[in-house]
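Both ligands and their constituent atoms are indexed starting at 1 by order of listing. This is a predicted model, so every value here is computed, not measured.
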Amino acid sequence: MERRQFLRNSAITGAAFAFSGAKGWAKSADAHIDILIDEPKGEISPNIYGQFTEHIGGVIYDGVWVGEKSKIPNRYGIRSELIDKMKQIHVPIIRWPGGCFADSYDWKDGIGPASKRPRRTNFWEGDHDAIRLHEKGPQIFEPNEFGTDEFMRFCRLTQAQPYLAANLRSLPALDLDHWVEYCNSPAGSTTLADVRASGGFPEPFNVRYWGIGNESWGCGGNFTPEEYASEFRRYTTWIPGYGLDLQLIGSGPNDNDIDWTHRFFEQIYSDHAYHNRSFTGWSVHHYASDLSRGRISKGDRKGDALQFDSVDWYELLRQCDLTEQIIQDQWTAMGQYDTDHHVKLVVDEYGPWYREGTELDPTHIFGQQITMRDALATALTLDIFNRHSEKVSIATCAQLINNLNALFLAHEDRFFATPNFHVFAMYAAHQGGEALRTVFSAPDVRYMRDGKSAQFWGLNGSASRKGQVVTLTIVNPDLSKATETQISLGGARIIRADGTVLAAADMHAHNTFDRPNAVTTANLAVAINGEQLSVTLPPASVTKLTVTLG
Ligand code: AHR
């Protein structure tokens with residue numbers, strides 16, 4: 001086939017042409033990948049493999065929390081199967097309690113004896129999905145059975161760090177101080193530490209990560225950037241530290257809203273400058289929710305999670321791929337004020353967002369099925385985070401279970417892992433690895449999009465190294481073509497190479513209660529040819545190669 005060089009991995013494009021030409025690649029390969037083993041880019045923060053859990057629909061109630069008296073196997077009320085699976089993929093950090101819910105949540109409602117906790121109206125009660133529910137369950141009237149203690153238990157059981165989103169819209173700043181005091185003050189030191197102890201937790205939770213509001217441009221208060229900057233200064237000017245290295249995360253833009261970022265950073269860094277070294281994170285939310293391709297100007301532009309054609313496939317991947325541009329643009333904007341880039345990006349909500357109709361239970365607000373398309377979307381997003389490891393310090397997938405880009409779907413006693421779980425399982429090997437520059441050279445995928453020729457990249461991915469082991473993850477978005485690929489590791493001696501692949505004959509393939517393993521990983525043959533590897537990447541697949549060097 002005609003080989004059209006298509007070079008990816010931004011900064012080194014010019015060098016890569018010469019590099020590929022010098023390799024003496026076998027002519028038969030469709031694509032080439034150069035792992036630049038001598039160009040480490042810094043550690044991939046394990047925290048970019050985080051998860052998000054909100055009090056919305058079936059995430060906490062029915063998903064995470066089944067209650068201690070439930071017949072469903074549980075530990076302290078938390079679904080055991082979920083804990084086990086989360087440990088398998090080494091979830092490093094969990095964001096809670098929202099989302100939009102966070103800015104209407106009073107943390108004090110969720111502490112103390114469960115029987116005495118108040119019932120409150122959930123933020124999402126007015127959502128279209130909630131209104132149509134006949135039974136007004138915990139999705140509408142929050143029982144507060146799951147509060148701070150239960151969340152901390154969940155984190156301990158899964159060995160994840162807690163990341164709490166504080167209420168900036170409807171609680172005063174003193175409440176944030178007190179929530180931090182409840183979580184972090186030493187045993188016996190404060191009245192709130194005693195309350196914590198009476199719930200069975202004398203020792204502090206030591207929560208380091210605190211979000212200062214959520215989507216403050218929208219559900220979190222409808223602030224202007226200037227107003228939010230002023231609130232942010234006020235809420236973060238003093239927070240009790242207890243010797244912890246607190247990490248404060250500002251509520252950043254919706255998608256690539258550069259104006260929000262410029263105006264916030266201008267307020268924070270100029271004039272009466274704000275010097276708070278704990279401000280280390282700027283959150284970004286990006287959902288792939290507009291699949292209308294410009295054909296719908298008003299109303300719901302979402303697509304369907306299960307009913308889609310090949311153009312929708314590429315369109316969804318394209319929407320998720322915008323994450324890379326968002327990261328680059330936001331980073332550039334932040335750098336104009338925060339010139340040493342003390343503040344990193346925290347992508348704490350991301351994933352495809354489809355219209356209602358494929359949720360497993362009506363109570364699962366924003367619940368949707370997860371197909372191979374979503375697995376590729378998730379994989380290419382994680383690869384983007386890996387490639388920008390110096391910029392992205394935390395990311396949490398929206399959301400862990402029964403909502404949007406879920407890794408798990410559950411209802412009552414039934415539970416299964418979605419294809420996204422398998423992506424996280426494969427990519428866990430990157431956590432804490434040294435990111436390596438990698439050049440992907442592959443022909444674009446070409447297809448017809450509304451009567452016009454369109455293209456999408458042919459292969460992309462990321463690589464990292466831990467000692468003598470290199471992990472390479474690759475997405476092949478092409479729906480019809482397997483891609484024969486040669487891989488070079490810059491002349492390093494290859495002792496062993498193992499492949500794992502997630503692929504399915506049908507792009508709509510997904511798991512269900514009846515067929516929980518319809519989509520799962522398999523081994524993939526990798527040939528070692530001297531200093532190179534050869535592998536055939538199936539159509540519409542996610543692949544991980546584990547390469548041991550001598
Ligand atoms: O993840 C669902 C919702 O999407 C979150 O509550 C909100 O932050 C975002 O708009």
Nearest-contact summary for atom 8 (O) of ligand 1 - protein heavy atom, Å: Glu349 OE2, 2.7 Å
What protein heavy atom is closest to atom 6 (O) of ligand 1, reported as residue, atom name and distance in Å? Glu54 OE1, 2.7 Å
Using every non-hydrogen atom in the two residues, find where [X] and [Y] come nearest and quote the distance to one decimal.
| X | Y | result |
| --- | --- | --- |
| Trp282 | Phe279 | CE3-CZ, 4.3 Å |
| Arg79 | Arg414 | NH1-O, 4.0 Å |
| Asp383 | Ser462 | OD1-OG, 2.6 Å |

May I ask you to check if Arg153 and Tyr76 form a cation-pi contact, with NZ or CZ under 6.0 angstrom from the six-membered ring centre and within 45° of the axis? yes
Between Asp177 and Pro240, is any pair of side-chain heavy atoms under 4.5 Å apart? yes
Side chain, backbone, both or neither: which part of [X] comes within less than 4.0 Å of ligand 1 when only heavy atoms are counted?
| X | result |
| --- | --- |
| Trp353 | side chain |
| Tyr287 | side chain |
| Trp124 | side chain |

For Leu404, atoms of ligand 1 separated by under 4.0 Å from a heavy atom: 1 (O), 2 (C)
Pick, from Glu215, Gln399, His285, the option with the minimum heavy-atom distance to atom 2 (C) of ligand 1. Gln399
I'd like to know if Arg75 and Glu68 make a salt bridge, using a cut-off of under 4.0 Å between side-chain N and carboxylate O. no
